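Report on one structure; see the data block that follows.
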Amino acid sequence: MDSVRTRFAPSPTGFLHLGSARTALFNWAYARSQGGEFLLRIEDTDLDRSQEEYELAVIEGMEWLGLDWDGEIVRQSERRARHIEATQTLLDTGHAYRCQCSRESVEERKKRDVAAGGPGTYDGRCRDLELGPDCGEHTVRLKLPLEGLIGWEDSVFGSSGQDASQLGDAIIQRSDGTPLYNLAVVVDDIDMQITHVIRGADHQANSVLQMALYDALGAPRPVMAHVPLIVDGAGKKLSKRRNNVSVQQFREEGYLHEALDNWIVRLGWSQGDNEIFTLEDIGRVFSLEGVGRSPAQADIAKLDWLNQHYIKSLTSDDLFERVRPHLERVAGGPVEDSPSLRRLLDLLRERSSTLVEMAELARWQLQDELEYDEKAVKKHLRPVALPLLESLLTAMQALPEWNETALATVFDEVAEAQGGIKLGKLAQPVRVAVTGGPNSPGIFETLEVLGRETSVRRIEQGIAIVRERSEST
RNA sequence: GUCCCCAUCGUCUAGUGGUUAGGACACCGGCCUUUCAAGCCGGCGACACGGGUUCGAGUCCCGUUGGGGAUGCCA
């Protein structure tokens with residue numbers, strides 16, 4: 001049996017977006033699961049739209065997602081001679097013909113046909129004219145069968161295809177002599193010996209044409225597998241214009257590639273009731289049978305959940321390296337590695353669904369000056385808290401050891417001395433004093449992480465705030 | 001307009017003629033608790049509609065409705 005060869009063929013017209021990323025992932029996964037090869041081809045034939053910058057962005061996105069490809073990257077623009085050669089072959093074998101029709105006249109005839117209730121396809125005016133190479137400015141059209149089904153057995157959608165009567169002869173070479181997408185794709189896929197073409201369902205119509213092209217070129221057809229589109233909240237195909245969906249943006253927003261891969265693979269593919277799939281799992285268990293047929297909406301809440309799941313499973317070193325840029329943004333400068341920061345990060349794992357959120361939650365540790373939450377201050381730094389904070393401060397300063405256990409003991413003693421008040425009565429004012437807000441990890445952990453010096457300073461500062469407030473009222 | 005495709009909880013989905021229609025996320029409630037989370041337990045919640053076929057349809061067929069995609073000398 002021939003070994004499987006798939007490819008991902010993005011056009012570098014923007015950043016790698018969700019839909020493309022999923023197509024890439026599926027192709028990668030299928031190849032890996034079958035012990036085959038996964039190739040990368042950049043479709044840069046539309047020079048107007050292609051930009052090197054975007055090509056780099058696409059590659060970067062692939063690498064970030066962990067989708068490694070085999071062999072050298074193929075650039076479609078470098079294969080022009082082959083495309084032109086193939087067109088010539090089609091011309092020589094009578095599978096294609098030169099067409100002199102101008103855009104305007106084709107357009108006009110099309111309009112007329114549509115008005116008459118027809119399909120509005122090219123009417124084949126030049127089909128049998130047998131125009132030679134010296135016929136002046138011309139395009140080249142593929143000579144499609146006039147009738148019969150042009151179909152294939154799709155691995156996802158089953159019997160697919162269209163009746164030839166609904167199709168017009170498509171242009172495969174522009175009047176300036178350059179090849180068009182459909183021709184180039186087929187020629188490249190043949191030369192690259194692609195065995196399975198896995199791509200978005202928006203290509204279904206192209207596939208009809210491409211099947212005819214394989215036939216005309218006398219080449220074996222690959223297995224086709226169309227994947228339902230990912231749609232936005234409005235049910236529309238994801239668009240770069242309307243939706244913020246580039247993978248680098250997700251990265252910047254603090255999502256892990258592990259989460260993104262897992263999220264994406266479950267958009268249109270499933271395996272029983274399983275939800276968690278590492279890239280390694282995907283490369284092992286992915287199958288075309290598991291691909292569904294209806295479009296999927298991308299749900300950020302699910303991504304958030306997955307992201308936290310993977311954040312929890314990261315090693316300490318890995319986590320630190322990945323949040324670091326986000327921490328530094330919050331800190332406004334370089335952030336030093338330290339045991340207490342590592343400890344804080346661990347405490348924050350189960351409180352953060354993104355790395356950005358995690359850095360935000362670490363703000364009180366990263367900045368010298370506290371940013372107070374007004375509501376929290378009003379609620380917890382009140383006169384009643386004054387004796388509490390003061391006696392706590394005194395007791396804390398006398399502590400020989402600054403750690404969680406010792407702090408817990410101090411809190412218990414103060415709570416007892418203050419008339420057996422609940423721990424919460426004590427903890428909240430302290431929390432607001434040392435973090436500026438009402439939420440943080442456990443108060444003992446928080447204080448330990450913060451260290452004696454800063455904790456004491458901030459509690460004193462908190463006491464000052466209470467005094468100030470009681471004087472002004 | 002024409003062609004193609006799709007249709008199970010709000011979302012992602014399991015389901016291949018006989019199920020109390022399952023899971024996950026989200027949401028709601030409870031437990032835990034020094035806050036927020038996390039965790040655990042529980043709850044709400046779906047087969048678009050109408051015809052067939054069948055002893056029996058979420059599952060098969062037809063139609064309707066709704067949605068999407070394609071209709072480029074773009075990729």
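For clarity, every value in this text was computed on a predicted model and none was experimentally measured.
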**Request:** Starting from the 5' end of RNA chain B, give me the residue, A/Gly424 or A/Asp202, whose nearest nucleotide shows up first.
**Result:**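 Whichever sits nearer the 5' end wins; that is A/Gly424.
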
**Prompt:** Hey, which of these two, A/Gln162 or A/Thr139, hits RNA chain B nearer its 5' end, going by closest nucleotide?
**Reply:**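 That would be A/Gln162.
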
Electrostatic pair [X]-[Y], nearest N-O below 4.0 angstrom:
X: A/Glu85; Y: A/Arg82; answer: yes
X: A/Lys312; Y: A/Glu350; answer: no
X: A/Glu374; Y: A/Lys378; answer: no
X: A/Lys111; Y: A/Glu108; answer: no
X: A/Asp346; Y: A/Arg349; answer: yes
X: A/Arg79; Y: A/Asp191; answer: yes

With sugar-phosphate meaning primed atoms plus P, OP1 and OP2, does [X] contact a base, only sugar-phosphate, or nothing at under 4.0 Å between heavy atoms?
X: A/Asn206; answer: base
X: A/Ile443; answer: base
X: A/Leu229; answer: sugar-phosphate
X: A/Gly442; answer: base
X: A/Pro441; answer: base
X: A/Cys101; answer: base
X: A/Ala205; answer: sugar-phosphate

Measure the distance from [atom1] on [X] to [atom2] on [N] and round it to the nearest whole Å.
X: A/Asp304; N: B/rA37; atom1: CG; atom2: P; value: 14 Å
X: A/Met224; N: B/rC4; atom1: CE; atom2: C1'; value: 14 Å
X: A/Tyr122; N: B/rU71; atom1: OH; atom2: P; value: 19 Å
X: A/Tyr310; N: B/rC25; atom1: OH; atom2: P; value: 13 Å
X: A/Leu144; N: B/rU71; atom1: CG; atom2: P; value: 15 Å
X: A/Arg141; N: B/rG72; atom1: CZ; atom2: C1'; value: 11 Å
X: A/Leu344; N: B/rC36; atom1: CG; atom2: C1'; value: 14 Å
X: A/Leu183; N: B/rC73; atom1: CG; atom2: C1'; value: 13 Å

**Near-parallel close stack of A/His203 and B/rG69 base (under 5.5 Å, under 30°)** =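 No, A/His203 does not stack on the base of B/rG69.
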
Rounding to an integer number of angstrom, what distance separates [N] and [M] when you compare their [atom1] atoms?
N: B/rG45; M: B/rC28; atom1: P; answer: 16 Å
N: B/rU64; M: B/rC25; atom1: C1'; answer: 33 Å
N: B/rG15; M: B/rG22; atom1: P; answer: 15 Å
N: B/rU59; M: B/rA46; atom1: C1'; answer: 15 Å
N: B/rC6; M: B/rC60; atom1: P; answer: 11 Å
N: B/rG68; M: B/rU35; atom1: P; answer: 48 Å
N: B/rC32; M: B/rA37; atom1: C1'; answer: 12 Å
N: B/rG52; M: B/rC3; atom1: C1'; answer: 27 Å

**Request:** Just say parallel, tilted or perpendicular for the rings of A/Tyr255 and A/Phe250, cut-offs at 30° and 60°.
**Result:**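 Because their plane-to-plane angle is over 60°, the rings of A/Tyr255 and A/Phe250 count as perpendicular.
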
**Message:** Ring-plane angle category for A/Phe286 and A/Phe26, please: parallel below 30°, perpendicular beyond 60°, tilted otherwise.
**Reply:**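 Aromatic pair A/Phe286/A/Phe26 classed tilted.
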
**Side-chain donor/acceptor of A/Ser440 to base of B/rC36, under 3.5 Å** =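 Side chain to base: no pair below 3.5 Å.
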
Where the side chain of [X] is defined as all heavy atoms beyond and including C-beta, which of [options] is the nearest nucleotide?
X: A/Ser270; options: B/rU34, B/rG69, B/rU13; result: B/rU13
X: A/Arg174; options: B/rU34, B/rC36, B/rC73; result: B/rC73
X: A/Asp273; options: B/rG23, B/rU34, B/rU2; result: B/rG23

In Watson-Crick or G-U wobble terms, both distances under 3.5 Å, what is the partner of [N]?
N: B/rU71; value: B/rG1
N: B/rC49; value: B/rG63
N: B/rC31; value: B/rG39
N: B/rC9; value: none

**Item:** B/S/- contact track for nucleotides 5-12 of chain B, protein heavy atom under 4.0 Å
**Value:** SSS---SB

So which protein nitrogen or oxygen atoms get under 3.5 Å of nucleotides 39-48 of chain B's nitrogens or oxygens?
unit_1: B/rG39; atom_1: OP1; unit_2: A/Lys312; atom_2: NZ; d: 3.2

**Request:** Verify the contact: side-chain N or O of A/Lys110 to OP1 or OP2 of B/rU2, cut-off strictly under 4.0 Å; return yes or no.
**Result:**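 Answer no for this pair, as no side-chain N or O of A/Lys110 is under 4.0 Å from OP1 or OP2.
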
**Asked** Once you round to the nearest 0.5 Å, how far does CG of A/Leu256 lie from CG of A/Leu306?
**Response**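 That separation rounds to 10.5 Å.
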
**Message:** Do A/Val208 and A/Gln166 make a side-chain contact, defined as non-hydrogen atoms from C-beta onward lying under 4.5 Å apart?
**Reply:**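 A side-chain contact under 4.5 Å is absent here.
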
**Prompt:** Do A/Glu275 and A/Arg266 come within less than 4.5 Å of each other through their side chains, counting heavy atoms only?
**Reply:**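 They are in contact (side-chain heavy atoms under 4.5 Å apart), so the answer is yes.
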
**Asked** Is atom CZ of A/Arg293 surrounded by more than 12 heavy atoms (other residues, nucleotides or ligands) closer than 6.0 Å?
**Response**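 12 or below, so no.
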
**ring pair (Phe, Tyr, Trp, His ring centres under 6.0 Å) between A/Tyr214 and A/Trp152, worked out** = CA-CA 12 Å; A/Tyr214 277 99; A/Trp152 71 94; over 10 Å; no

